[in-house]
Amino acid sequence: MIDIDPESGVPPFEQVRSQLARQISDRTLAVGTRLPTVRALATDLGLAANTVARAYRELEEAGMVETRGRAGTFVSALGDSSRTALRQAAADFAAKANALGIDTTEALEAVRAAFGA
């Protein structure tokens, strides 16, 4: 489910957060899926509970998961809002590129460069 690279320069909480966010975004983790408890995931990954708690907290702030008290943490339907926001940002970018007279190829190259690819 999640792999932590101890040699990575990326902090462990961010590795957990980004991998869960990716799994939620690509729907590997479906809406309503219950995530492991903080302690259980921390134990499985060999991390401190506070590390996993921070990742869960950031996912909750982003609307990707919701905590239901003692019932646990679940993938939120709001996680789909990130796809909606992305589509809107892409539409805005395309409109701006068109207004500037930039063709599709050059616009896509700009996006790749922004991602560092």
Side-chain angles (χ1 to χ4, degrees):
M1 182 169 153
I2 296 174
D3 294 314
I4 300 299
D5 179 2
E7 303 300 318
S8 173
V10 177
F13 85 88
E14 177 57 23
Q15 292 182 51
V16 173
R17 189 211 60 78
S18 65
Q19 289 179 52
L20 285 172
R22 187 174 25 256
Q23 291 175 25
I24 291 167
S25 292
D26 69 15
R27 297 187 175 103
T28 301
L29 290 173
V31 171
T33 300
R34 184 176 188 271
L35 298 181
T37 65
V38 167
R39 285 186 183 174
L41 186 56
T43 298
D44 288 349
L45 298 175
L47 298 173
N50 285 338
T51 300
V52 174
R54 180 173 178 187
Y56 277 24
R57 193 169 42 254
E58 290 194 10
L59 289 167
E60 189 164 24
E61 288 171 4
M64 299 187 89
V65 300
E66 60 185 351
T67 301
R68 301 178 190 161
R70 293 186 142 298
T73 303
F74 297 82
V75 174
S76 170
L78 294 178
D80 289 337
S81 67
S82 61
R83 286 196 176 326
T84 301
L86 177 63
R87 283 191 293 275
Q88 183 59 53
D92 294 345
F93 174 76
K96 181 69 170 181
N98 283 334
L100 294 171
I102 307 295
D103 68 19
T104 303
T105 302
E106 188 176 350
L108 291 175
E109 287 173 9
V111 171
R112 284 187 192 94
F115 275 106

Worksheet entry | Contact summary for I4 and P12, nearest pair of heavy atoms | CD1-O, 4.1 Å

Practice prompt. Determine the minimum heavy-atom distance between A107 and I102, stating which atoms define it.
Written response: N-CG2, 3.7 Å

Fill in: Straight-line distance of I24 CD1 to T33 OG1, nearest 0.5 Å
8.5 Å

Worksheet item: Is it the case that D103 and T105 place a side-chain donor and acceptor less than 3.5 Å from each other?
Response: no

Practice prompt. I would like to know whether R112 and E109 meet salt bridge (charged side-chain N to carboxylate O under 4.0 Å, His left out); could you show each step before the answer?
Written response: CA-CA 5 Å; R112 284 187 192 94; E109 287 173 9; over 6 Å; no

Worksheet, complete the sentence: side chain to side chain contact (heavy atoms under 4.5 Å, CB included) test vs L20 passes for just one of T28, V65, L29, namely L29

Discussion item. On a heavy-atom basis, which atom in A55 and which in V16 lie closest, and how many Å separate them?
Written reply: CB-CG1, 3.6 Å

Worksheet item: Can you tell me how far CD of Q19 sits from CD1 of I2, rounded to the nearest 0.5 angstrom?
Response: 6.0 Å

Worksheet entry | Residues that A53 engages under side chain to side chain contact (heavy atoms under 4.5 Å, CB included), provided they are two or more places apart | V38, R57

Discussion item. Would you say that more than 12 heavy atoms from the other residues, nucleotides or ligands in this model lie under 6.0 Å from the CZ of R34, or not?
Written reply: yes

Practice prompt. Give, for atom CG of L41 and atom CZ of R39, the distance between the pair rounded to the nearest 0.5 Å.
Written response: 13.5 Å

Fill in: Considering all heavy atoms, the nearest V31-S76 contact
CG2-O, 3.9 Å

Worksheet entry | Cluster overlap V52 with F74, hydrophobic side-chain contacts below 4.5 Å | no

Practice prompt. For L35 and Y56, work out which heavy atoms get closest and say how close.
Written response: CB-OH, 3.5 Å

Response to the item:
Scanning both residues in full, the closest heavy-atom pair of E58 with R17 reads OE1-CD, 3.5 Å

Practice prompt. Answer yes if M1 and V75 sit in the same cluster of Ile, Leu, Val, Met, Phe, Trp and Tyr residues linked by side chain heavy atoms under 4.5 Å apart, and no otherwise.
Written response: yes

Discussion item. Assess the residue pair K96 and D92 against the criterion (side chain to side chain contact (heavy atoms under 4.5 Å, CB included)); give the C-alpha distance rounded to whole Å, side-chain angles, the decisive distance to 0.1 Å, and a yes or no.
Written reply: CA-CA 6 Å; K96 181 69 170 181; D92 294 345; over 6 Å; no

Item to complete: Using atom types as modelled and distance alone, determine if a side-chain donor or acceptor of E60 lies under 3.5 Å from a backbone N or O of T67.
Response: yes

